[in-house]
*Asks:* 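Below is a structure I'd like to ask you about.
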Amino acid sequence: MEITLSETKEINIEDILILYKANEWSSANKPNELYNALTNSETLITAWEGEKLVGLGNAISDGFLTVYYPHLLVLPEYQGKGIGKMIVDKMQEKYSHFHMQMLTADGKAVDFYKKNGFERAGKTEPMWIYQGDEH
């Protein structure tokens, strides 16, 4: 298995929807908004096996102090093979010097992010207005 990473935003919605539906993410139900959100992110890292999209991660940032990582997904059959870590490492190349790197994690993603250097933010509580139902 040879995985290559790309920072291109030249990606088609069909590939994105396959990835999001395979992970049962509710944002797949808003395909136009999802596509626009990803392609308008400051950074979009995609992971490919040949022509097949197998993972992606995006970052939203002010460009100086703060970066937020809203999405990191890998096709279920490719999880546990280091692809998510490759995407996180690529993001760190760009954002490791930022004052604050933020994300929201739940379920098995919590352990993944802890292994990659993230930790609970003090005594903060995650808060949101959320229209999905997968959490």
Side-chain angles (χ1 to χ4, degrees):
M1 174 180 72
E2 183 177 339
I3 302 298
T4 57
L5 296 183
S6 174
E7 288 192 52
T8 183
K9 293 181 181 176
E10 298 296 320
I11 182 171
N12 69 56
I13 188 66
E14 293 81 14
D15 290 334
I16 293 169
L17 290 176
I18 290 168
L19 178 61
Y20 277 73
K21 288 177 181 179
N23 282 284
E24 299 179 353
W25 278 39
S26 60
S27 48
N29 297 326
K30 297 181 176 184
N32 293 329
E33 291 87 347
L34 174 58
Y35 179 79
N36 288 328
L38 292 173
T39 58
N40 284 287
S41 297
E42 180 175 270
T43 303
L44 178 63
I45 306 293
T46 51
W48 301 85
E49 182 179 42
E51 298 292 316
K52 182 177 184 178
L53 178 67
V54 298
L56 69 72
N58 71 322
I60 300 169
S61 175
D62 60 20
F64 298 95
L65 285 175
T66 304
V67 60
Y68 177 68
Y69 305 113
H71 295 183
L72 175 61
L73 298 89
V74 174
L75 284 174
E77 63 269 26
Y78 287 81
Q79 292 175 7
K81 300 180 186 303
I83 297 167
K85 179 165 180 31
M86 290 172 63
I87 295 170
V88 169
D89 289 348
K90 191 72 171 169
M91 291 293 189
Q92 288 302 299
E93 288 177 17
K94 187 170 186 175
Y95 297 110
S96 64
H97 67 285
F98 275 44
H99 182 70
M100 183 168 43
Q101 299 179 62
M102 301 174 60
L103 57 82
T104 302
D106 69 352
K108 62 184 179 181
V110 173
D111 289 336
F112 168 81
Y113 285 113
K114 283 183 179 179
K115 289 178 190 173
N116 284 280
F118 288 84
E119 59 187 41
R120 182 180 169 96
K123 295 181 181 181
T124 62
E125 291 291 330
M127 301 175 78
W128 62 10
I129 296 173
Y130 182 65
Q131 295 181 4
D133 61 4
E134 70 267 15
H135 296 280

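For this chain, numbers begin at 1 and follow the sequence in order.
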*Asks:* Please report the closest heavy-atom contact between Val74 and Gly84, naming both atoms and the distance.
*Replies:* CG2-N, 3.9 Å

*Asks:* Please check this pair: side chain of Thr66 against backbone of Asp62, looking for a donor-acceptor N/O pair closer than 3.5 Å.
*Replies:* no

*Asks:* Which atom pair, heavy atoms only, marks the closest approach of Leu103 to Phe118?
*Replies:* CD2-CE2, 3.5 Å

*Asks:* Give a yes or no on this: more than 12 heavy atoms of other residues, nucleotides or ligands lie within 6.0 Å of atom CD of Glu10.
*Replies:* no

*Asks:* Taking only residues two or more places apart in sequence, or in another chain, which ones meet Asp89 in a salt bridge (charged side-chain N to carboxylate O under 4.0 Å, His left out)?
*Replies:* Lys85

*Asks:* Measure the CG-CD1 distance between Asn40 and Ile60 for me, rounded to the nearest 0.5 Å.
*Replies:* 10.0 Å

*Asks:* So how far is it from Ser27 OG to Tyr35 OH, rounded to the nearest 0.5 Å?
*Replies:* 15.5 Å

*Asks:* Backbone N or O of Asn58 within a donor-acceptor pair of the Thr43 side chain at under 3.5 Å?
*Replies:* no

*Asks:* Salt bridge (charged side-chain N to carboxylate O under 4.0 Å, His left out): which pairs involve residues 63-73, sequence neighbours left out?
*Replies:* none

*Asks:* For residues Asn23 and Gln79, is any side-chain donor paired with an opposing acceptor at under 3.5 Å?
*Replies:* yes

*Asks:* If you define the side chain from C-beta out and look only at heavy atoms, does anything of Leu38 sit under 4.5 Å from Tyr20?
*Replies:* yes

*Asks:* State plainly whether one hydrophobic cluster holds both Val110 and Trp25, where clusters connect Ile, Leu, Val, Met, Phe, Trp and Tyr through side-chain heavy atoms under 4.5 angstrom apart.
*Replies:* no

*Asks:* For Ile18 versus Leu75, what's the shortest heavy-atom pair and its separation?
*Replies:* O-CD2, 4.3 Å

*Asks:* Is Ile45 close to Glu7 at the side-chain level, that is, under 4.5 Å between some pair of heavy atoms?
*Replies:* yes

*Asks:* Quick one: do Leu72 and Val88 satisfy side-chain contact (heavy atoms from CB on, under 4.5 Å)? Show the steps, please.
*Replies:* CA-CA 8 Å; Leu72 175 61; Val88 169; 3.8 Å; yes

*Asks:* Nearest 0.5 Å, please: how far is CD1 in Ile3 from CD1 in Ile83?
*Replies:* 4.0 Å

*Asks:* Excluding sequence neighbours, so at least two apart, what forms salt bridge (charged side-chain N to carboxylate O under 4.0 Å, His left out) with Glu33?
*Replies:* none

*Asks:* Under a 4.5 Å side-chain heavy-atom rule over Ile, Leu, Val, Met, Phe, Trp and Tyr, are Phe64 and Tyr69 clustered together?
*Replies:* no

*Asks:* Closest approach of Pro31 and Ile13, non-hydrogen atoms and distance?
*Replies:* O-CD1, 3.3 Å

*Asks:* Could you walk me through whether His71 and Leu34 pass side-chain contact (heavy atoms from CB on, under 4.5 Å), step by step?
*Replies:* CA-CA 11 Å; His71 295 183; Leu34 174 58; 4.0 Å; yes

*Asks:* Roughly how far, to the nearest 0.5 Å, is the CG atom of Leu44 from the CD1 atom of Ile11?
*Replies:* 6.0 Å

*Asks:* Mind listing the closest non-hydrogen atom pair of Glu42 and Ser61 along with its distance?
*Replies:* OE2-CB, 3.4 Å

*Asks:* Under 3.5 Å, side chain of Lys9 to main-chain N/O of Ser41, donor-acceptor pair present?
*Replies:* yes

*Asks:* Please report the interatomic distance CE(Met91) to CD(Gln101), rounded to the nearest 0.5 Å.
*Replies:* 10.5 Å

*Asks:* If you look only at pairs with a residue in residues 48-57, which of them pass as a side-chain hydrogen bond (donor to acceptor under 3.5 Å, both in side chains), with sequence neighbours excluded?
*Replies:* Thr46-Trp48, Glu49-Tyr78

*Asks:* Taking all heavy atoms of Pro76 and all of Ala22, pick out the closest pair and write down the distance.
*Replies:* CG-O, 3.4 Å

*Asks:* Could you give the distance from CD1 (Ile16) to CG (Leu19), rounded to the nearest 0.5 Å?
*Replies:* 8.5 Å

*Asks:* If a pair satisfies side-chain hydrogen bond (donor to acceptor under 3.5 Å, both in side chains) and one of its residues is in residues 112-121, list it, with sequence neighbours excluded.
*Replies:* Arg120-Glu125

*Asks:* Which Ile, Leu, Val, Met, Phe, Trp or Tyr residues join Met102 in one cluster when any pair of side-chain heavy atoms under 4.5 Å counts as a link?
*Replies:* Tyr68, Met100

